[in-house]
Amino acid sequence: MSATSAAPDRLVGCPVCGLTQTVGALPTGTTACCARCDSVLLRGGAGSGQVAFSLALGALLLFVPAYLWPVLEITTFGRVHSYTVPSGAQALWQSSMWPLAVPVALASVVLPAALILVLLALSGARQLGVGAAALRPWRRLCDFLRAWAIVDVY
């Protein structure tokens, strides 16, 4: 892997073995691999910021239909019950279980929406050339939201 003097080196943690390594700027079409387990750390190429922005925008556009269409439909004796993502928190609220309804609504509706908006803002800011130091608080917020937004459960 060769680094150019235009971009500073950065620390990257291997997603497989956890080894923290310094990776310089990567030319287009090259990859940086872990020194311990040989897994891919980064890929060099133009347009990765555009891909991230496009994916975040797509997630935002699909957020509303994904939360309004039924996740589960149960038919019992000819009667159909449809359940959406927010209906779980709504059912808890109507059953006077508001201490449980609030965290369920946060983790299933509010925090995933906030995560998508933060990812969109981060990728858009990187496209506009905002420096990494200025985006550090937003990345921390993104890590926090990723831990609590339970999008992967659905």
Pairwise side-chain contact, [X] with [Y], heavy-atom cut-off 4.5 Å (strictly under):
| X | Y | answer |
| --- | --- | --- |
| L141 | L145 | yes |
| L41 | V23 | yes |
| C34 | V16 | no |
| S39 | C17 | no |

Which pairs, with at least one residue in residues 120-144 and sequence neighbours excluded, count as a salt bridge (Lys or Arg N to Asp or Glu O under 4.0 Å)? D143-R146
Which pairs with one or both residues in residues 80-107 pass side chain to side chain donor-acceptor pair (under 3.5 Å), sequence neighbours excluded? E73-S82
Using modelled atom types only, decide if a donor and an acceptor are shared between the side chain of Q21 and the backbone of A35 within a distance under 3.5 Å. yes
Residues in side chain to side chain contact (heavy atoms under 4.5 Å, CB included) with [X], at least two apart?
| X | value |
| --- | --- |
| L128 | none |
| A89 | V104, A105 |
| A125 | V130, L135 |

Same cluster for [X] and [Y] if Ile/Leu/Val/Met/Phe/Trp/Tyr side chains link at under 4.5 Å?
| X | Y | result |
| --- | --- | --- |
| L60 | V85 | yes |
| V71 | I116 | yes |
| V118 | F144 | yes |

From CZ (F63) to CG (L68), nearest 0.5 Å: 9.0 Å
Which Ile, Leu, Val, Met, Phe, Trp or Tyr residues join V40 in one cluster when any pair of side-chain heavy atoms under 4.5 Å counts as a link? none
Option among V110, L106, L111 that satisfies the side-chain contact (heavy atoms from CB on, under 4.5 Å) test with W148: L111
